[in-house]
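For reference, the structure is listed below as structure tokens.
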Amino acid sequence: METLHTHHRVHTTRRTIGISNRFSHEPAAPFFSINFTHKYATLKRSEDMIEDILLKALREIGIETDFVEVEIPKHEALGDISTPTAMLLAKKLRKNPSVIADSIIAAIKEPDIFDSIEKAGAGFINFRLKPSYLHSKLKQLYTEGEGYLRPNAGKGRKIQIEFVSANPTGPLHLGHGRGAALGAAVANLLSAAGFSVEKEFYINDAGRQVKLLGESVFCRYKERTNTPCDFPKDGYHGDYVDELAGEIHKDNGDKFSNARFDEVSEFFIDYAYKAMLSEIKKDLSDFGVEFDTWQSEKELFTNGTVIEAIKRLRDKGLIYDQDSAVWFKATAFGDEKDRVLIKSDGQYTYFASDIAYHVLKLNRGFDELINIWGADHHGYIPRIRAVIKAAGGDESKLLVLLVQMVMLQRGGVPVQMSKRAGEFVTLRDVTNEVGKDITRFIFLTRRPDSQLEFDMETVKKESSENPVYYIQYAYARINSVFEKARERQIPVTFDGTTDLCGLSTPEELLLIKKLIFYPTTFLNAVRTREPHRITFYLQELAGLFHPFYYKHRILDEEESLTRARLMLCACVKIVIAEGLNILGVSTPDKM
RNA sequence: GCGCCUGUAGCUCAGCAGGAUAGAGCAACUGCCUUCUAAGCAGUAGGUUGGGGGUUCGAGUCCCUCCAGGCGUACCA
């Protein structure tokens with residue numbers, strides 16, 4: 001799994017060029033040659049080509065290495081592409097980085113794509129690309145489309161991503177929405193990168209919570225038949241509980257009024273959680289999030305998966321009985337204490353079914369399992385890892401993405417949310433009030449592991465100037481230009497022969513560079529499983545488009561310039577659509 | 001007590017794999033609609049990156065420590 005190997009590249013660099021490093025206490029590993037061949041085989045970013053050119057130049061001056069660092073400078077004034085190679089070599093060669101930079105520059109043989117190659121700062125080499133090269137890459141983007149924008153990093157490897165998995169005991173709240181937005185975006189991202197992605201929702205339809213829900217509904221039902229009932233201590237108080245009781249009463253009359261809960265529990269529990277589950281499905285669907293598979297926890301009990309999983313562990317001597325409970329030796333695999341699977345009252349803990357669930361997932365042949373959890377479950381990670389190790393699985397296949405809390409506020413005042421007490425603002429309430437696109441966008445404009453303040457008043461106030469509109473507006477504007485072009489009979493399709501020489505102003509060149517480097521951002525987002533990088537890229541892209549649009553006419557220029565600018569706009573539109581689709585945000589033709 | 005996450009502009013947040021002058025939106029202030037959508041553009045102002053050490057040619061980024069906030073430390077789910 002590439003995520004876990006990211007640091008090896010750095011090590012490789014240092015080892016290869018012989019710099020003594022502070023990683024030397026690590027296992028004296030064989031030379032890592034990971035990722036390089038893979039990378040050159042599959043990715044075709046402009047930076048890769050520069051790397052090749054640099055490697056060749058280095059060989060020319062007698063330095064053998066298999067990796068050089070190349071980056072896009074923060075400031076445009078510093079060039080289009082840059083490398084700190086000379087500085088990294090300075091120590092090894094005992095030479096001034098500036099001198100090394102000079103010899104590297106002298107050894108570079110391919111001047112035809114560069115406008116300039118300059119030495120700068122402490123030993124950077126900065127490359128400025130020729131407009132003609134930029135034009136050719138833009139054409140490539142347009143003609144290849146997804147082939148250009150979606151370098152195949154996944155190669156069909158199977159990833160399962162499990163997210164939301166909310167207890168079916170009430171409507172989704174805003175925190176679930178954050179998990180849903182993230183999970184869907186990660187799934188879109190990875191699937192665009194050539195992974196085979198399955199989205200799964202794990203249904204906690206067994207155990208205490210659904211039972212409490214059923215019992216709560218049962219009590220409300222009894223109240224409707226004027227029969228006394230002790231409401232369960234930790235029962236659910238939301239209005240929806242009473243509504244479910246009303247439905248049951250309407251369909252069944254007073255039929256159950258004299259029953260004890262344990263006599264009718266199955267009916268009430270099933271009725272209640274299934275109703276809530278379908279609400280959840282609808283909430284998710286309206287939020288634009290669809291799942292491929294829904295795994296029932298109850299089924300893991302009824303079809304023997306849980307018992308089988310425990311038996312397997314017992315056969316390995318990893319299960320023991322103590323104090324009338326059944327324990328798993330989690331400490332043998334790095335957890336801080338052993339964990340109970342079956343309580344002394346005979347009830348299974350959730351951990352028991354979670355063991356079965358994760359073993360099942362491993363056995364289903366995924367190359368990677370991603371779990372998106374609320375950060376309040378982080379303490380659970382070591383024991384799940386322990387399970388995977390105990391089951392003989394590859395622990396590195398599990399990636400847990402923690403989503404921090406959403407702190408809902410209204411005008412700076414925290415809104416308390418308690419599902420059991422029935423006091424909460426649902427995801428649906430929020431999207432009704434502020435809109436789906438804005439809600440999703442806000443979730444994807446933050447790193448998942450930072451707490452998110454979601455103030456209804458602020459969000460509504462800022463809605464009219466929300467960054468999501470900034471991006472969508474760029475898209476709509478382009479669409480509108482194309483409408484006008486069609487009205488004026490200007491052809492709006494392009495190919496490799498379209499003349500782009502006219503694209504020469506600073507605004508145009510900046511836009512082109514931003515566009516052709518999209519795959520870099522995309523691959524970084526894929527590698528880190530962080531869709532918010534796409535969000536920020538899109539804001540930057542729109543931030544280059546609007547000034548271009550304001551400053552230059554598109555349709556009123558002479559024909560070839562109009563055509564060139566239209567093609568540039570077409571590319572902006574393609575990339576915005578690509579990004580917004582990954583984020584799950586709509587692309588309105590008109591605004 | 002121990003563990004995990006967070007601390008960057010007045011507010012909400014980025015900072016791409018250790019690179020060069022730390023960015024954006026909102027809020028504030030100045031300008032721009034007889035021209036393809038002003039949900040836009042141009043500009044001003046705003047910072048000891050929580051504090052202190054360390055590693056490095058180079059630290060917002062890595063290490064140590066302290067401070068602050070959140071979460072977790074069950075035969076709970």
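This structure is a prediction, so every number in the text was calculated from the model and none was measured. In the text below, chain A, chain B and the rest are named by the order of the sequence lines, each starting its count at 1. Because only heavy atoms are used, hydrogens play no part in the values below, and waters and symmetry mates are left out as well, while side chains stay in.
At a threshold of 4.0 angstrom between heavy atoms, the contacts of A/E336 are confined to the sugar-phosphate backbone, with no base atom among them. Within 4.0 Å (heavy atoms only), A/A90 reaches no atom of the nucleic acid at all. If you check every strand for non-hydrogen atoms under 4.0 Å, A/R553 touches a base. Residue-level contact check: A/F536 touches the backbone only, with heavy atoms under 4.0 Å from sugar-phosphate atoms and none from bases. Within 4.0 Å of A/Y549, counting heavy atoms only, lies at least one base atom of the nucleic acid. Base engagement by A/H378 is indicated by at least one non-hydrogen atom pair under 4.0 Å involving a base atom. Counting non-hydrogen atoms under 4.0 angstrom, A/S450 reaches the backbone sugars and phosphates but no base. Within 4.0 Å (heavy atoms only), A/D335 reaches no atom of the nucleic acid at all.
Formation of a donor-acceptor pair under 3.5 Å by the A/Y518 side chain with backbone atoms of A/Y537 is not found in this model.
A straight line from OH of A/Y473 to P of B/rG40 spans 7 Å, rounded to a whole angstrom. Per the geometry, CG belonging to A/L402 stands 13 Å off C1' belonging to B/rG3, to the nearest Å. Counting to the nearest Å, the P atom of B/rG19 and the NE2 atom of A/H75 are 13 Å from each other.
Closest contact between the side chain of A/A120 and the listed nucleotides B/rA24, B/rC41, B/rA20 involves B/rA20. Listed nucleotides: B/rC32, B/rA14, B/rU37. Nearest to the side chain of A/Y550: B/rC32.
In this model, the phosphate group of B/rG18 is not approached by any side-chain N or O of A/K74 to a distance below 4.0 Å at OP1 or OP2. Put simply, A/R447 has no side-chain N or O that comes within less than 4.0 Å of OP1 or OP2 on B/rC5. Phosphate proximity of B/rA42 to A/K551: absent, as no side-chain N or O sits under 4.0 Å from OP1 or OP2.
Classified by interplanar angle (parallel below 30°, tilted 30° to 60°, perpendicular above 60°), the ring pair A/H552/A/F548 is tilted.
Defined by atom type and a distance below 3.5 Å, a donor-acceptor pair is missing between the side-chain atoms of A/Q209 and A/N204. Side-chain atoms of A/E47 and A/T520 include a donor-acceptor pair closer than 3.5 Å.
The structure places CG of A/L401 at 9.5 Å from OG1 of A/T528, a figure rounded to the nearest 0.5 Å.
Taking atom P on both B/rU6 and B/rG18, the two are 15 Å apart, rounded to the nearest angstrom.
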